[in-house]
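None of the values given here were measured: they were computed from a predicted structure.
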Amino acid sequence: MTNLVEMRGIEKRFPGVHALKAVQFDLRPGEVHALMGENGAGKSTLMKIMSGIYARDEGEMFVDGNPVTPDGPRAAQDLGIGIIHQELSLMNDLTAAQNVLIGREPRRRFGRLDEAALNAKTAEIFASLNLKMDPRTQVSTQTIARQQLIEIAKALSYSPRVLIMDEPTAALNDAEINELFKVIDKLKADGVGIVYISHRMDEIKRIADRVTILRDGAYIDTVEAADTPLSTIIQLMVGREVTQNAPDIPDTSVSPVALEVRNLSRGKEVRDVSFDVRKGEILGFAGLMGAGRTEVARIIFGADPRDRGEIFVDGQSVDIRTPNTAVQAGIGYLSEDRKHFGLAVDMTVRANIAMADLGRFAGKTGVLNETAMERVAKEYIDRLGIRTPSDTQEVRFLSGGNQQKVVIAKWLLRDCDVLIFDEPTRGIDIGAKSEIYSLLEDLAAQGRAIIVISSELPEVMRLSHRIAVMCEGRLTGILPGGAETTQEQIMELATQRDPALAGAEETL
Ligand SMILES: Nc1ncnc2c1ncn2[C@@H]1O[C@H](COP(=O)(O)OP(=O)(O)OP(=O)(O)O)[C@@H](O)[C@H]1O
Ligand SMILES: [Mg+2]
């Protein structure tokens with residue numbers, strides 16, 4: 001059987017980075033081929049070469065056995081190669097349908113846009129994705145997860161024979177992931193070859209047929225997913241064994257309360273939420289997507305207004321109306337939407353990290369102490385394994401996961417008493433995850449109060465001293481952390497709907 005695509009001896013260099021070293025990759029019709037490797041290993045770069053976005057420096061590429069050199073995304077599309085990018089590339093001010101069929105809008109006579117056809121065609125693709133969305137919806141009003149689904153619809157609109165998915169599930173919840181996997185099954189049955197990139201190890205076993213592993217830009221191996229244990233794949237990725245020991249949970253019941261939230265309410269999204277976090281404590285927030293966890297964080301951080309409720313810091317009632325007032329009250333928030341907050345991509349890694357706490361680096365005269373900034377930047381580059389040729393590299397040249405590590409470093413450095421981390425390890429490779437966990441633990445040990453929102457249950461369970469669980473805007477319970485609590489107990493609370501609400505909907 002001829003391969004759909006075959007790549008051999010692919011080389012790619014960027015200034016200061018040998019991104020791909022003699023890499024090979026092939027894709028068969030009807031298979032899901034996972035491409036794995038740590039942040040910066042070269043996954044996105046290889047796929048950008050396959051999809052005509054970057055030119056290879058050396059090497060060969062074949063489609064259906066014929067040598068090809070796609071010199072742009074259009075040329076790759078003509079070869080049947082489509083890509084769903086790691087970074088969302090939608091036009092925020094356009095509607096969903098305008099984005100899905102951008103550049104190929106159906107037209108009437110005299111070139112007038114055929115709105116009805118545009119929306120109908122998009123609705124059809126949405127239906128195949130089981131996505132309930134009006135094609136006329138403006139993209140900017142949608143959550144990142146739903147924007148990701150629009151992006152997927154856009155790729156499918158080209159009816160590709162080869163579909164590259166670069167971390168398609170990073171922002172999706174379990175139900176949405178299941179829908180996506182159904183679509184993948186359908187595409188496989190139609191003979192489409194799929195390249196699948198993800199840092200979520202559990203997904204690999206579920207959908208991959210084969211796995212190719214890259215490390216530091218080098219090709220390591222291609223293995224059959226069914227007969228390769230995950231531990232082997234991880235070891236091939238990181239080149240060493242990764243151990244994760246759950247630490248002892250400190251007794252913080254005697255520490256003073258750092259943050260107290262009483263009866264926080266906002267529309268249907270947050271209903272009467274009350275809890276507190278003590279100094280030195282890590283409070284995890286579990287729940288299904290849409291449970292209201294991010295919404296609670298955004299209200300506490302002053303990013304969204306509240307209808308009702310009080311917030312106390314160190315026992316003092318604080319009137320938080322904007323993120324600025326929150327920061328002044330000592331509250332920091334690492335948002336789940338990294339792209340819009342937190343990074344100056346045209347500035348260096350060093351500047352971005354130091355920006356978190358300029359006061360620390362400014363001398364009496366206000367002149368920044370570059371040596372101190374360099375030292376701190378290098379420490380975090382080292383600890384988080386940020387892959388960059390130097391601390392003076394501009395952030396935009398870093399891989400997706402490494403950019404996130406820079407954002408995280410910034411927040412870890414910030415001098416806040418209360419730190420809220422929303423999905424801190426999304427898109428982060430497995431080796432760096434455990435380092436982020438220990439940095440969060442260090443912060444707690446210094447007496448900070450930490451809130452971690454995470455959709456990955458093992459992560460919440462691994463990190464939290466206590467676990468708050470939400471369902472449909474309500475806090476349905478707080479469970480102890482550590483081995484005492486099981487996934488089942490969390491899931492029970494995460495799906496515990498308000499009987500009054502559930503009843504009301506059924507009678508509608
Ligand atoms: N346009 C560019 N200019 C300079 N360096 C780049 C550019 N694109 C990628 N790199 C570098 O090439 C290397 C590989 O990056 P790539 O984006 O392929 O990694 P990745 O495996 O996709 O990682 P992640 O899991 O974080 O997305 C990284 O060191 C990155 O900084
Ligand atoms: Mg990438």
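Considering only heavy atoms from C-beta on, L236 stays 4.5 Å or farther from I234 through its side chain. Counting heavy atoms from C-beta on, the side chains of E203 and Y196 come closer than 4.5 Å. Counting only heavy atoms from C-beta outward, the side chains of L384 and L439 approach each other to under 4.5 Å.
The environment of M201 atom CE is dense: over 12 non-hydrogen atoms of other residues, nucleotides or ligands sit within 6.0 angstrom. Residue-environment remark: NZ (K121) stays at or below the threshold of 12 foreign heavy atoms within 6.0 Å.
Between K378 and E374 there is a salt bridge, since a side-chain N of the basic residue sits under 4.0 Å from a carboxylate O of the acidic one. Between D26 and R210 there is a salt bridge, with a side-chain nitrogen of the basic residue lying less than 4.0 Å from a carboxylate oxygen of the acidic one. Salt bridge annotation for E38-R387: present, with a cationic side-chain nitrogen under 4.0 angstrom from a carboxylate oxygen. Using a cutoff of 4.0 Å between basic side-chain nitrogens and carboxylate oxygens, D221 and R215 are not scored as salt-bridged. A salt bridge links R383 with D442: the distance from a Lys NZ or Arg NE/NH1/NH2 to an Asp or Glu carboxylate oxygen falls below 4.0 Å. A salt bridge links D64 and R161; the closest N-O separation between the charged side-chain nitrogens and carboxylate oxygens is under 4.0 Å. A salt bridge links R107 and E105; the closest N-O separation between the charged side-chain nitrogens and carboxylate oxygens is under 4.0 Å. A salt bridge is defined here as a Lys NZ or Arg NE, NH1 or NH2 lying under 4.0 Å from an Asp or Glu carboxylate O, and E179 with K132 fails to meet this definition. We find that K188 and D209 are joined by a salt bridge, their nearest charged nitrogen and carboxylate oxygen being less than 4.0 Å apart.
With 3.5 Å as the limit, one finds a donor-acceptor pair spanning the side chains of S157 and R104. Counted by atom type alone, E456 and S454 present zero donor-acceptor pairs between their side chains at under 3.5 Å. For the residue pair S44/D166, the side-chain donor-acceptor check at 3.5 Å is satisfied. Side-chain atoms of E167 and S198 include no donor-acceptor pair closer than 3.5 Å. Counted by atom type alone, T122 and N119 present zero donor-acceptor pairs between their side chains at under 3.5 Å. Counting only N and O atoms by type, the side chains of T348 and Q393 include no donor and acceptor under 3.5 Å apart. Under the 3.5 Å distance criterion, with hydrogens and angles disregarded, a donor-acceptor pair is assigned to the side chains of E459 and T425.
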Can I get a per-line list of side-chain donor-acceptor pairs under 3.5 Å for residues 66-85, giving both atom names and the distance, sequence neighbours left out?
| residue | atom | partner | partner atom | Å |
| --- | --- | --- | --- | --- |
| T69 | OG1 | R56 | NH2 | 3.1 |

Between side-chain atoms of residues 4-13 and protein atoms elsewhere (two or more places apart, or another chain), which donor-acceptor pairs fall under 3.5 Å?
| residue | atom | partner | partner atom | Å |
| --- | --- | --- | --- | --- |
| E6 | OE1 | N3 | ND2 | 3.1 |
| E6 | OE2 | R8 | NE | 3.0 |
| E6 | OE2 | R8 | NH2 | 3.1 |
| E11 | OE1 | H18 | NE2 | 2.7 |
| E11 | OE2 | A22 | N | 3.0 |
| K12 | NZ | A55 | O | 2.8 |

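Using cut-offs of 30° and 60° on the angle between ring planes, the pair F301 and Y333 is tilted.
Here the rule is side chain to side chain contact (heavy atoms under 4.5 Å, CB included) with L27, and of V162, V192, T212 only V162 fits it.
Remark: E394 pairs with R396 by the side-chain hydrogen bond (donor to acceptor under 3.5 Å, both in side chains) rule, at least two apart or across chains.
Aromatic ring centroids of F421 and F285 lie 6.0 Å or more apart.
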